[in-house]
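Scroll down for the structure; my scribbles are underneath it.
In what follows, chains carry the letters A, B, and so on, assigned in the order in which the sequence lines appear, proteins first and then strands, with residues in each chain numbered from 1. If you're wondering where the values come from, they're calculated on a predicted model, not measured in any experiment.
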There are 4 protein chains.
Amino acid sequence: MPRKKTAKPPGSYPAHRERQRRRILDAAWTLFDERGIDRVSMAEITSSSGVQPSTIYQYFANKDEIVWAVIADVMQKASARAQQSLEATPNALARITALLDFMADELVNNSVTVRFMAQFDAMYARHWPAERLITLESQINPGGFNAFRGLICDGIADGSLRHDLDPDLTMHAVINTVIGAQRRLASLGSKVEQEYGQPVDRLFRETIRILLLGLRAPEPPPRRRPRKKPSKVQSRKRTR
Amino acid sequence: MPRKKTAKPPGSYPAHRERQRRRILDAAWTLFDERGIDRVSMAEITSSSGVQPSTIYQYFANKDEIVWAVIADVMQKASARAQQSLEATPNALARITALLDFMADELVNNSVTVRFMAQFDAMYARHWPAERLITLESQINPGGFNAFRGLICDGIADGSLRHDLDPDLTMHAVINTVIGAQRRLASLGSKVEQEYGQPVDRLFRETIRILLLGLRAPEPPPRRRPRKKPSKVQSRKRTR
Amino acid sequence: MPRKKTAKPPGSYPAHRERQRRRILDAAWTLFDERGIDRVSMAEITSSSGVQPSTIYQYFANKDEIVWAVIADVMQKASARAQQSLEATPNALARITALLDFMADELVNNSVTVRFMAQFDAMYARHWPAERLITLESQINPGGFNAFRGLICDGIADGSLRHDLDPDLTMHAVINTVIGAQRRLASLGSKVEQEYGQPVDRLFRETIRILLLGLRAPEPPPRRRPRKKPSKVQSRKRTR
Amino acid sequence: MPRKKTAKPPGSYPAHRERQRRRILDAAWTLFDERGIDRVSMAEITSSSGVQPSTIYQYFANKDEIVWAVIADVMQKASARAQQSLEATPNALARITALLDFMADELVNNSVTVRFMAQFDAMYARHWPAERLITLESQINPGGFNAFRGLICDGIADGSLRHDLDPDLTMHAVINTVIGAQRRLASLGSKVEQEYGQPVDRLFRETIRILLLGLRAPEPPPRRRPRKKPSKVQSRKRTR
DNA sequence: AATGAATGAGACTTCATTCAT
DNA sequence: GATGAATGAAGTCTCATTCAT
């Protein structure tokens, strides 16, 4: 019964179509995040987007297609943000750092996005043909992670990274780890703070720090350094 | 509401109940892994367990309770395995290493368990009161990760770990990271190999290696005090 | 909202189940005939049978299964009637005649049944595995048409049927023809009378007469005057 | 681009309309046969014909009209074929035989057509005003089956057919029977061969043979009066 | 004349759960 | 304690058709 035309389409047909598509996708994304992908029904997308169910089916063949479209959308935007954050970064280590920092920023500023991707992974990744995922990623991120691989090679070459690293292995291990950590933190959301007693991004940045330390070439000239807080260590054995 | 647990002779009532419960839980777990938690219906649990739906409701109040029971079950077993693997490990670093190795082994040998927990996180964690999760964890793993925290303190104290680590922060960061990586790898399953070209656990073990390198105290060319076990860790040993 | 329990089930569970099944089937059959198989919706079966849609699905897996059950039902009853009408018929020709007469009677007295089977043929026969149809028929009519084939053999042997008949071919040709004619007449229903100006069964009985004349052995001894119908076949001409 | 209507030169408007109409009808017919009339949706006709649904509605008021148009089309063509096959057939029996042979040929060469008509009968005949069907037939086949009736009269007159036949009754009975058998065989398609173990048209031709035997005058051993068999040919060509 | 967009009504089916035995 | 039967609510999706351009 909601037969209200909210906005007159002033533009051409394709423009109108794109606008409708957006409406559906935006509504879907919001709902997916609020309730979880599996807890959202087409009826909710209908009433939330203002597009009739039968109309939605002229834009997407079924609910799963909406999920995929949302994922593509979300990843594309994230990729654009990543691209931007890497611009004008000169050397290898700086770029790697920038990339990881970017992921931390995403966790803070776009936790919805990260959370959604986490859910998508958990719910869809295994039950869908791998090709589709790979295709999606290659469309969005054409160079793939090769750029990152290049960075590691550069880093090894210029001595800023450990020379015993296998670029391919390292790249995939690190990326997977960082994504895993990021998504887990996003999934748990505020629970992390209750459980871990730390703000989400603090944990994540510490992860990054440790990983970078692990990647970094060992200090060439062993210098000496006073310890910061040796006493504090054994103070509190158990907090909780 | 279930009976008190007493002696439980094989043919007794409580024993029967326990057997039924197990049947339901086992069937549910298998299905959850095969199809994903949200894609399993009570009817399927019925036909797969051989227990009638109405009977199931005499063991579990609703479907969610089954999910929680399965999770508790699964975590309990995992925890027992962990406990066992940590036994008879002498010092801090060895224990940390053992713990991380344990998680790698889990990934390989109990990927179903890991995957299930990943899915649970993504789908349930946010929609349920945090307390319940925390309660669950504390029941299963009393002491929680504090043991791990203790290890870090020890490591800092004995100089095998970086002294600029904040035990609490580090502990949580590392644990979250490792769990995140582990679950992500388990979720993606064989897709990782297609996409990354590396066996799942190879990636995971490289992650562990890098993390440990990052945690390790920077190599101070053995100065006036020989640490407990400087030789073992730093020797770049490529766990696998 | 029709939440009215029409009859208390006084008997046992199986009895009750059978009664429900009947209710569904009877309602379905009536509707199928009234509106045509394809024009009947589950909702109609629901409201007509008084059984909730979700309940129906505990008796039949889907709509097609209902159709098949109805067909089986209908054929079974028809088969029983046929059996009965053939009882106590002594020789071959008499039995053949009785069988064809039976089909004429069916057309008159059970046109609904015939019509339904005609529709089933037209709509389902081609789109379903042949085995299923054959299985159905063999369940209902175990001897199959072999009995009829035997009759023809007998008839050829005793000289009442043309000796140039191939029992198998003849049997199938005649049966198909008679069924085809019967179902077509039932399908067209009263339209036949409007179009052909003849009562339905009159046409059908004329068909039978001609077929029997065609099957009959040519007059054995060309006697002095070829009467219209000197032999015994003609005795019962069935004008009706 | 719209031109004036003229005499239908190839590029003219009416010609265009006719082409579109054909496209729709051809696509519909193919689909109707493949899937069954009731299982074909307008959307399928659209995608199969390449004509947009809204455009289709400028050629046909609704889906039923398409069905009727297809039937008309199909019958017209069949009728033309029939006409042709009857040409140059001299006498009554020969014409009757030719007609029945024609139906056998149709069954073999145009089983799609026959099958479609069978389906139409089963699904539409009863639910539509009889007049429409009759009108349709009279348009296509003016004179209707009266030609056939004439043949029978001729046959009776010249002694080649049984003289106890009632021309009207016989005509309708035989036509109905033959059509019924033909359509049933076409509907069952290859199932007949599986079930009956005989090629479809073999059965049908046997049916024809038996019917003709039944119609034929009993073999009077050519006695004193050779009927006007040779001469009668030109006697009565058509009764009406 | 042609068509892209829209849509209300309704199709079939599934589900978690309760009730009565 | 176990279970067969029942079910309301909701699920996703399809359909023939109309509207506005």
Side-chain angles (χ1 to χ4, degrees), chain A residues 1-3 5 8-9 12-14 16-17 19-20 38-46 51-66, chain B residues 3 13 16-17 20 38-46 50-66, chain C residues 1-3 5 8-9 12-14 16-17 19-21 38-46 50-64 66, chain D residues 1-3 13 16-17 20 38-46 51-66:
Chain A
M1 312 322 183
R3 296 280 304 99
K5 199 139 208 179
K8 268 291 177 71
S12 62
Y13 269 152
H16 173 64
R17 250 194 109 76
R19 235 174 299 130
Q20 289 280 77
D38 55 314
R39 285 165 148 94
V40 174
S41 72
M42 290 301 279
E44 285 170 311
I45 297 179
T46 286
V51 181
Q52 295 293 112
S54 35
T55 305
I56 291 182
Y57 279 87
Q58 288 194 327
Y59 288 81
F60 301 97
N62 53 44
K63 195 182 157 188
D64 281 330
E65 291 303 311
I66 299 184
Chain B
R3 301 292 177 98
Y13 218 59
H16 172 64
R17 272 195 83 85
Q20 290 276 76
D38 56 314
R39 283 163 147 98
V40 174
S41 72
M42 291 297 274
E44 284 170 312
I45 297 179
T46 284
V51 181
Q52 294 295 109
S54 30
T55 307
I56 292 180
Y57 279 87
Q58 289 187 330
Y59 291 82
F60 301 97
N62 53 43
K63 193 183 161 189
D64 282 328
E65 291 303 314
I66 299 183
Chain C
M1 305 346 181
R3 297 278 305 98
K5 199 140 207 177
K8 266 295 180 66
S12 62
Y13 269 152
H16 173 65
R17 250 194 108 74
R19 234 172 300 128
Q20 290 280 78
R21 208 184 118 93
D38 57 312
R39 285 165 147 97
V40 174
S41 73
M42 290 300 279
E44 285 170 312
I45 297 179
T46 285
V51 181
Q52 295 293 111
S54 35
T55 305
I56 291 182
Y57 279 87
Q58 288 194 327
Y59 289 81
F60 301 98
N62 52 45
K63 195 182 157 188
D64 282 330
I66 299 184
Chain D
M1 45 186 114
R3 301 297 174 105
Y13 218 58
H16 172 65
R17 270 194 86 84
Q20 290 276 75
D38 56 315
R39 283 163 148 98
V40 173
S41 71
M42 290 298 274
E44 286 170 310
I45 297 179
T46 284
V51 182
Q52 294 297 108
S54 29
T55 305
I56 292 180
Y57 279 87
Q58 288 185 331
Y59 290 82
F60 301 97
N62 53 43
K63 194 182 159 189
D64 282 328
E65 291 304 313
I66 298 183

Open item on the list: Can you list every stem that DNA chain E is part of, counting only runs of 3 or more consecutive Watson-Crick or G-U wobble pairs with both distances under 3.5 Å?
Closed with: E:2-21 with F:2-21
TODO: Write down the distance between CD1 (D/Ile56) and C1' (F/dT17), rounded to a whole number of angstrom.
DONE: 12 Å
- [ ] Could you grab the distance from atom NZ of A/Lys63 to atom CD1 of A/Ile56, nearest 0.5 Å is fine?
- [x] 11.5 Å
Open item on the list: What contact category does D/Ser54 fall into here, base, sugar-phosphate, or nothing, at under 4.0 angstrom with non-hydrogen atoms?
Closed with: base
Open item on the list: Can you tell me how far apart CD1 (D/Ile45) and CD1 (D/Ile66) are? Round to the nearest 0.5 Å.
Closed with: 4.5 Å
Open item on the list: Before you tell me yes or no, could you show the steps for D/Tyr59 and D/Glu65 under side chain to side chain contact (heavy atoms under 4.5 Å, CB included), namely the whole-Å CA-CA distance, both residues' side-chain angles and the distance that decides it to 0.1 Å?
Closed with: CA-CA 9 Å; D/Tyr59 290 82; D/Glu65 291 304 313; over 6 Å; no
- [ ] Can you tell me the distance, in whole Å, between the OH atom of B/Tyr57 and the P atom of F/dG4?
- [x] 16 Å
Task: Gap between atoms CD and C1', on A/Gln52 and E/dG4 respectively (whole Å) - done: 17 Å
Open item on the list: Need to verify one output field. Residue with the more 5' nearest nucleotide on DNA chain E, B/Asp64 or C/Val40?
Closed with: C/Val40
Open item on the list: Between A/Ser41 and D/Pro53, which residue's closest nucleotide on DNA chain F lies nearer the 5′ terminus?
Closed with: A/Ser41
Task: Atom-to-atom span, CD of C/Glu44 to P of E/dA11 - whole angstrom - done: 7 Å
Open item on the list: I'd like to know if the side chain of A/Glu44 and the backbone of A/Ser41 have a donor-acceptor N/O pair within less than 3.5 Å.
Closed with: yes
Open item on the list: Strictly below 4.0 Å: does C/Arg17 bring a side-chain N or O up to OP1 or OP2 of F/dA5?
Closed with: yes
Open item on the list: With nearest nucleotide decided by heavy atoms, which residue, B/Tyr59 or D/Gln58, maps closer to the 5′ end of DNA chain F?
Closed with: B/Tyr59
Task: Separation of F/dT14 P from D/Ile45 CD1 (nearest whole Å) - done: 17 Å
- [ ] Quickly work out the B/Met42 CE to E/dC15 P distance and round it to whole Å.
- [x] 12 Å
TODO: Measure the distance from CZ on A/Phe60 to P on F/dT14 and round it to the nearest whole Å.
DONE: 15 Å
Open item on the list: Using whole Å, what does the distance between atom P of nucleotide F/dT3 and atom NE2 of C/His16 come to?
Closed with: 19 Å
- [ ] Could you tell me the separation between the CG atom of A/Asn62 and the CE atom of A/Met42, rounded to the nearest 0.5 Å?
- [x] 8.0 Å
Task: Rounded distance (nearest 0.5 Å) linking atom CD of B/Gln52 with atom CD of B/Gln58 - done: 11.5 Å
